[in-house]
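These notes concern the structure reproduced below.
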Amino acid sequence: MLTVRDLDVRYGRVHAVRGLSLDVPDGGLVTLVGANGAGKSSVINAISGVVRPAGGSVTYDGRDITRRPAHRLVKAGLVQVPEGRQILATLTVDENLRLAGWHSGPGRIGEVYERFRVLAERRDLPAGSLSGGEQQMLAIGRALVAGPRLVLLDEPSMGLAPRIVDEVFRVITEIRDAGTAVLLVEQNARRALAAADHGYVLAGGEVVRSGPAGELLEDEAVVRAYLG
Amino acid sequence: MQQLLNGLFVGSIYALFAIGFTLVFGILDRLNLAHPSVFAASAFIGIELVEVAGLPWWAALPAVAVVGGVLGLVVERVAFRPLKGRADAHFAGLISSIALGGMIIALLQWRYGPDTRRFPAGTFPDGQLELLGARFTILQAAILVISVVLMVALAWLVARSRLGRAMRAVAENPTAARVLGVDVDRVTATTFAISAALGAVAGALFAMNVNSAQLGMGSAIELKGLAVIIVGGMGSLPGALVGGLLLGVAEVLAVQYIGSSWRDLVAFALLFGLLILRPQGIFGSRRLREV
């Protein structure tokens with residue numbers, strides 16, 4: 001579904017991502033883990049068209065999408081749940097969801113309200129009034145409204161209480177089980193690898209290890225060096 | 001009552017002009033200083049449409065709005081979009097829009113010369129209306145009604161429509177809007193077009209109200225427009241409406257009760273007074289970027 005080859009991302013003189021390659025198969029849950037500053041979000045942003053890569057290629061569904069703008073990728077079913085949730089705080093919950101249906105229409109909003117009852121109860125409130133966990137549900141709900149075939153999740157558990165983190169990972173697994181491919185970027189590497197099929201460990205902008213997620217989680221050297 | 005009504009007629013034009021100004025500021029955090037030139041150009045184009053194309057005055061207005069919208073797209077494309085990636089895009093856009101505004105005025109001078117232009121005799125209906133003892137022309141009533149209708153339509157568009165949701169999203173967080181699938185460049189260009197169309201109609205209405213168009217008319221209203229959006233609260237549409245009406249009424253009352261040479265002094269002193277009482281403007285908040 002998604003093939004990234006030799007991706008380079010630069011911010012001026014800072015070389016954030018160096019020659020990164022990864023694959024996300026149809027319906028797979030792949031995770032990219034690493035410490036803060038390893039370049040994980042840069043990879044997500046380069047794939048989703050928010051940042052222009054300096055080199056390499058991104059292929060989605062057999063088509064080269066390198067440097068294609070974000071709004072066109074959303075239309076094609078490649079949807080990002082950004083780091084920090086990026087909720088539109090002054091818009092209501094319902095307006096956030098309707099905006100997410102910019103290309104796909106509002107048809108899936110009802111399903112999102114059924115899945116996340118708390119959003120249905122607060123549909124007319126400004127999204128900024130939601131708790132952190134509720135905002136994360138809204139961010140994921142927005143992605144689902146767009147009718148994704150591949151969801152890129154950037155640090156979805158960041159800053160959330162452990163109980164809410166459990167809920168977030170349960171929803172991520174459900175999304176994969178429903179047949180949508182997921183690329184999950186996480187600092188909480190143990191949780192991410194436990195949920196994923198395949199994993200990549202990123203350090204200094206480069207992939208230093210990759211393999212089946214279960215194997216990475218049991219690899220003492222990986223755990224000691226990169227997962228703390 | 002008579003003076004209040006006169007003030008509302010002028011003030012509604014100020015408000016329409018200022019709303020176009022503040023719409024772009026509210027969404028993009030940019031001041032488009034080519035807006036006054038679009039205002040002036042549209043007055044001349046309105047006269048030409050009536051005089052040469054033979055359109056009735058009311059039919060010239062939608063045509064002027066379309067021309068204004070196209071000018072808005074040009075302003076966005078030429079003066080703002082090439083600079084959007086710069087760290088100093090705010091200041092650079094300000095300067096480039098002044099330059100483009102100057103070019104528009106130069107083109108007007110080349111096309112029409114430096115003289116004042118007027119609508120042909122008989123363009124406007126002669127009839128007068130009366131309300132609570134105050135007399136006004138059908139044209140004045142039409143100016144007020146058209147301004148109010150356009151402002152209400154804009155308020156509906158921003159608050160209720162799909163485009164309005166996208167505009168508010170871009171105002172709050174362009175990156176978040178982009179990852180939701182919104183074509184931020186297209187929303188930005190559309191915002192410029194709507195803003196300029198409102199400024200263009202304001203220009204044509206202003207020229208109709210005083211039956212003249214001059215090259216300097218944009219500069220004359222520019223400061224007033226800026227004052228109105230600051231007093232109303234930067235980026236606030238209701239603020240631009242109330243600020244515009246307040247300025248119009250203050251001007252007319254100053255002329256009536258103090259003297260015409262005191263008009264600007266009294267009007268701006270009142271606005272300064274308001275800002276001392278409420279520095280963030282009438283509808284402004286501590287958070288400045290608001291549509």
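Within every chain, numbering begins at 1; the chains are lettered A, B, ... in the order of the sequence lines, protein sequences first and strands thereafter.
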Looking at A:Leu88, A:Val145, A:Val81, A:Leu73, which one has more heavy-atom pairs under 4.5 Å with chain B than the rest?
->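 Of the options given, most contacts go to A:Leu88.
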Heavy-atom pairs under 4.5 Å with chain B, option from A:Glu95, A:Arg85, A:Gln80 with the top count =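 When all of A:Glu95, A:Arg85, A:Gln80 are compared, A:Glu95 has the most.
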Between A:Glu186 and A:Ser157, do the side chains contain an N or O donor and an N or O acceptor separated by less than 3.5 Å?
->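 Yes.
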At a 4.5 Å cut-off on heavy atoms, which part of [X] comes close to chain B: side chain, backbone, both, or neither?
X        : result
A:Ala100 : both
A:Pro82  : side chain
A:Ile87  : backbone
A:Ala89  : both

Heavy atoms only: give me the nearest A:Gln86-A:Arg142 pair and the separation to one decimal.
->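 That closest heavy-atom pairing would be O-NH2, 3.0 Å.
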Can you name the nearest heavy-atom pair linking A:Tyr11 to A:Ala16, along with the distance?
->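 Closest pair (atom of A:Tyr11, atom of A:Ala16, distance): CE1-CB, 3.6 Å.
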Okay, side chain of A:Asp197, backbone of A:Val30: is any donor-acceptor separation there less than 3.5 Å?
->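 Judged by distance alone, no pair lies under 3.5 Å.
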When you look at B:Phe272 and B:Phe268, which way does the ring-ring contact (aromatic ring centres under 6.0 Å, His included) test go after all the steps?
-> CA-CA 6 Å; B:Phe272 269 121; B:Phe268 285 121; 7.7 Å; no
